[in-house]
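Presented below is the structure to which this report refers.
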Number of protein chains: 2
Amino acid sequence: MAKVTLKGLAKTLNLSTSTVSKALKDYPDINAETKQKVKELAERLNYTPNSFAVSLRMKESKTIGVIIPTMVHYFFSNVIDGILKEAEKRNYMVILMQSNEDYDLEKKQVDLLLNKGVDGILISLSNKTRDFNHLKKIIESNIPLVLFDKIAKTINCSKVLIDDRKAAYDAVSFLINKGYKRIAHFRGDLNPQNSIDRFLGYKKALLDHNIDFDPSLVYICNNNSDFSDGYENARKLIQDHGNGVDALFTVNDLIAIGALSYFNENKIKVPERIALFGFSNWFMTKITTPSLSSIDQNAFKMGVESTKVLFDEIDSIHKGKKIEFKKIIIDTELIIRNSC
Amino acid sequence: MAKVTLKGLAKTLNLSTSTVSKALKDYPDINAETKQKVKELAERLNYTPNSFAVSLRMKESKTIGVIIPTMVHYFFSNVIDGILKEAEKRNYMVILMQSNEDYDLEKKQVDLLLNKGVDGILISLSNKTRDFNHLKKIIESNIPLVLFDKIAKTINCSKVLIDDRKAAYDAVSFLINKGYKRIAHFRGDLNPQNSIDRFLGYKKALLDHNIDFDPSLVYICNNNSDFSDGYENARKLIQDHGNGVDALFTVNDLIAIGALSYFNENKIKVPERIALFGFSNWFMTKITTPSLSSIDQNAFKMGVESTKVLFDEIDSIHKGKKIEFKKIIIDTELIIRNSC
DNA sequence: TTGTACGCGTTATCAG
DNA sequence: CTGATAACGCGTACAA
């Protein structure tokens with residue numbers, strides 16, 4: 001079952017490949033009858049253009065590359081869901097890679113994608129990424145790059161993200177307005193922008209409401225095993241502060257759930273003894289006991305919007321237009337449940 | 001910054017493209033000195049072969065395609081994780097698509113992948129898939145196909161799966177040995193093999209232990225919203241059977257958690273009043289109250305093994321060897337927690 | 001040891 | 001309206 005090609009069609013129809021090619025693409029300068037004939041045969045033999053040849057000729061692959069830190073994450077699954085659905089609409093393919101929070105791997109993957117000739121790249125940076133030459137390389141190669149969620153402020157490209165600082169500010173303000181005063185924070189690692197911004201939002205909310213910022217109420221989670229980070233830090237928190245703490249805002253839900261697990265095991269009542277507020281609105285926040293208040297990040301929408309921006313830029317490049325970088329803020333939403 | 005090509009290298013070195021090409025691939029019939037020169041320049045100019053041209057020439061893309069029913073699923077995230085890690089080792093790219101449990105989409109995606117010239121395809125079938133012509137098309141195209149998890153028994157290709165029947169049998173036997181006698185089952189949709197096999201395992205365990213099989217204790221979850229399926233069916237179960245049921249085995253954890261949620265809300269104590277056993281060992285089963293007994297499916301390993309088998313077949317085809325289809329059973333494990 | 005020539009399957013330009 | 005021809009960038013049999 002030899003693959004059917006333009007040449008094949010041409011031969012059986014006694015036409016030239018160029019005529020066949022044009023006929024299939026409805027060029028105006030081809031006889032209606034010949035068009036008919038060609039299309040019929042193509043249909044019958046199930047002709048599809050060889051994508052390698054098309055790509056080589058057209059210098060485009062109808063493929064985009066996506067790099068995320070890690071696959072096994074409710075947030076990223078949802079982002080990918082959005083990306084795939086949006087790409088699907090344009091019959092684009094999506095090459096997916098995970099950096100595994102490893103800078104060197106991320107760098108290598110960028111090279112692979114560049115080399116593969118993808119039409120655009122979507123990245124959520126690894127926590128370890130502090131050097132951005134690999135991103136600059138993408139830009140210099142003149143292929144569109146959109147950063148989402150974990151971005152690099154200094155890089156000149158489109159970005160899609162949430163306003164972490166505002167979201168955190170809102171959550172902590174909510175806690176304060178509910179009457180909580182000694183609010184702890186389990187923050188993420190020192191480097192990632194999300195972690196920093198959520199921390200800053202937390203701090204600003206305190207200060208704006210005339211509550212002293214107490215550094216000893218801030219704990220860092222950086223063991224890359226969020227759940228036990230949360231569990232362990234909850235232990236320390238209670239050990240360090242006892243009744244000197246009445247609420248806890250965490251940088252993500254998994255950490256919150258880890259903490260909750262510690263609280264539940266030790267009969268520390270949530271929210272009576274200590275209130276709890278997570279971040280991300282993971283699926284499971286609905287089903288914990290008590291259910292967990294959190295912040296919905298609209299991950300799916302983030303995937304969709306990132307992809308749209310990327311396609312816009314791909315289109316611009318095609319049309320020879322200059323692309324103007326966008327910064328899209330995906331709206332977040334406080335989800336109040338029973339943990340505060 | 002014009003892309004550097006073989007021709008470019010050849011020109012600046014006053015060599016022919018073929019010499020350059022061979023030099024870079026360490027052909028034995030090239031002077032060591034020229035090799036050195038060529039490689040140096042290539043390195044310096046950061047030469048990388050144009051992948052479109054290579055693919056066109058070699059008829060291979062160093063890319064595999066993966067179709068799963070849905071991205072946002074702990075199980076599939078883990079499978080994908082395994083696939084990506086394994087592909088990474090060989091510097092293969094992975095094109096990911098989700099059928100969204102839609103047969104037509106699955107079919108279209110197969111066509112897209114075939115057309116794209118991927119070197120192999122990995123599929124976990126949609127629940128709605130009952131016609132397999134699209135799979136046959138893959139096989140006829142002589143490109144390796146490996147089915148995993150949601151497979152089609154009648155299709156002649158390699159398969160990677162767990163022994164659902166045995167796993168279910170073990171779980172239900174465990175419940176019986178613990179003394180439970182009226183064991184309900186929330187099964188999945190009627191069509192998918194997993195759903196069938198888990199049901200059969202459940203049934204056989206009952207019969208082997210001299211417990212009558214009572215069809216009224218079996219409920220179907222087919223609203224594609226597992227959690228509320230579980231919740232709703234739990235309501236019906238209690239309504240229908242009251243105290244005439246003392247345990248529940250569900251086709252997946254999400255359904256179990258939905259049921260658990262209903263039980264918790266209605267003060268129906270787990271496991272005192274009703275025991276609960278899930279399936280999949282989702283991340284969150286650890287952190288429910290009570291924690292949920294389940295069956296670990298080794299999703300990551302399934303991803304890894306599927307990919308290995310696929311690569312083996314790709315290699316075989318390259319070597320012109322005949323490929324022999326494998327059926328790999330990934331071992332499962334009972335994880336006993338506090339829900340039974 | 002190196003170079004020539006061709007083909008992979010398309011598309012685009014230009015001439016007929 | 002149709003067809004030759006070149007080009008995309010690479011790999012390889014064959015010639016030199």
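Letters A, B, ... are given to chains in the order of the sequence lines, protein chains preceding strands, and every chain is numbered from 1.
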Exercise. Donor-acceptor pair, A:Ser55 side chain versus A:Glu60 backbone, under 3.5 Å?
Worked result: yes
Exercise. Among residues 6-17 of chain A, which contact DNA chain C at a heavy-atom distance under 4.0 Å?
Worked result: A:Leu6, A:Lys7
For this session: Whole angstrom is fine here: how far is it from NZ in A:Lys62 over to P in C:dT10?
Result: 16 Å
For this session: For A:Gly117 and B:Phe52, work out which heavy atoms get closest and say how close.
Result: O-CZ, 3.5 Å
For this session: Report yes or no: does A:Asp81 contribute a side-chain atom to a donor-acceptor pair with the main-chain N or O of A:Ser77 at less than 3.5 Å?
Result: no
Exercise. Is a donor-acceptor contact shorter than 3.5 angstrom present between the side chain of B:Lys22 and the base of C:dG3?
Worked result: yes
Problem set entry | Distance-only donor-acceptor test (3.5 Å): side chain B:Ser18, base C:dA5 | no
Problem set entry | With B:Thr12 via side chain to side chain contact (heavy atoms under 4.5 Å, CB included) - residues at least two apart | B:Leu41
Exercise. With a non-hydrogen cut-off below 4.0 angstrom, is B:Thr5 in contact with a base, only sugar-phosphate, or nothing?
Worked result: sugar-phosphate
Problem set entry | Spacing of B:Lys25 atom NZ relative to D:dG9 atom C1', expressed in whole Å | 12 Å
Exercise. Near DNA chain C, under 4.0 Å by heavy atom, which residues of residues 39-61 of chain B?
Worked result: B:Leu56, B:Arg57, B:Lys59
Exercise. With a 4.0 Å cut-off, would you call B:Lys108 and B:Asp104 a salt bridge?
Worked result: no
Exercise. Looking at D:dT2, does its base get a donor-acceptor pair with the side chain of A:Thr34 below 3.5 Å?
Worked result: no
Exercise. Are OP1 or OP2 of D:dG3 and a side-chain N or O of A:Thr19 less than 4.0 angstrom apart?
Worked result: yes
Exercise. Nearest nucleotide by nearest heavy atom, which residue falls closer to the 5' end of DNA chain C, A:Asp29 or B:Ile30?
Worked result: B:Ile30
Problem set entry | Shortest non-hydrogen contact between A:Pro69 and A:Ser99, atoms and distance | CA-OG, 3.3 Å
Exercise. So, the side chain of A:Asn115 versus the backbone of B:Pro49: is there a donor-acceptor pair under 3.5 Å, distance only?
Worked result: yes
For this session: Check whether any side-chain N or O of B:Glu86 sits under 3.5 Å from a backbone N or O of B:Thr307 as a donor-acceptor pair, and report yes or no.
Result: no
Problem set entry | Atom-pair distance (OH on A:Tyr27; C1' on C:dT13), nearest Å | 10 Å
Exercise. At what distance, to the nearest 0.5 angstrom, does CD of B:Glu313 lie from CD of B:Glu324?
Worked result: 9.5 Å
